[in-house]
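Input: a single structure, listed below in structure tokens.
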Amino acid sequence: MPIEMTLAEFEQVVAESLELIPEELSKLTENVAIVVQDWPTPAQSRHTRGMLLGLYEGISLTRRSPLSYNAVMPDRITIFRGPHLRIAHSVEQLRQRVARTVIHEVGHHFGISDDRLHDLGWG
């Protein structure tokens with residue numbers, strides 16, 4: 001049975017997950033917004049099989065250069081509330097899944113591929 005959680009409570013879980021990222025890495029994040037959305041749009045989920053829990057949209061740090069990365073909108077990490085609530089069976093399981101999703105998407109911001117994140121246990 002899915003659990004219930006308000007948007008504000010879910011946003012707090014996401015914020016707590018961000019605190020798990022070591023300070024030496026979190027201070028290297030640049031020009032990225034982290035947002036919560038209830039469900040992915042069809043455009044956001046077009047390349048995904050299964051339920052999309054999070055999405056990184058932007059130019060990873062490894063692909064940026066001073067000449068080509070200039071005056072751009074912030075990258076965006078979206079954490080999807082609806083899918084997380086649907087698959088979690090407890091608040092503790094929800095916290096674990098959100099943390100895994102947040103770390104996975106931040107990994108993309110640093111230029112880490114899905115395959116490598118999977119190898120590291122964050123897939």
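These numbers were taken from a predicted model, which means no experiment stands behind them.
In terms of heavy atoms, G111 sits closest to T62 at CA-OG1, 3.6 Å. Residue L20 comes nearest to A99 through the heavy atom pair CD1-CB, 3.7 Å, listed as atom of the first residue, atom of the second, then distance. For the pair Q37 and P40, the tightest heavy-atom approach, listed with the atom from each and the gap, is NE2-CA, 3.9 Å. Shown here for H108 and S60, the closest heavy-atom pair between the two residues is O-CB, 3.3 Å. Shortest non-hydrogen contact noted between S17 and V98 is OG-CG1, 3.5 Å. For the residue pair L53 and P83, the shortest heavy atom distance occurs at CD2-CB, 3.6 Å.
With hydrogens and angles ignored, the 3.5 Å screen pairs a side-chain donor or acceptor of S113 with a backbone N or O of R116.
Annotation: side chain of P74 is not in contact with side chain of V32 (no heavy-atom distance under 4.5 Å). The side-chain heavy atoms of V13 and M5, taken from C-beta on, include a pair separated by under 4.5 Å. Counting heavy atoms from C-beta on, the side chains of R81 and V14 never come closer than 4.5 Å. Put simply, the side chain of I34 does not reach to within 4.5 Å of the side chain of V102, judged on heavy atoms. Looking at heavy atoms from C-beta onward, I112 lies out of side-chain contact with H104 at the 4.5 angstrom threshold.
Rounding to the nearest 0.5 Å places CE of M51 at 5.5 Å from CZ of R86. The line from CG of L94 to OG1 of T101 is 9.5 Å long, rounded to the nearest 0.5 Å. Distance CG/D38 to OG1/T78: 12.0 Å, rounded to 0.5 Å.
For residues 9-68, the ring-ring contact (aromatic ring centres under 6.0 Å, His included) pairs, not counting sequence neighbours, are F10-H84, Y56-H109.
One hydrophobic cluster, built from ILVMFWY side chains closer than 4.5 Å, holds both F110 and L18.
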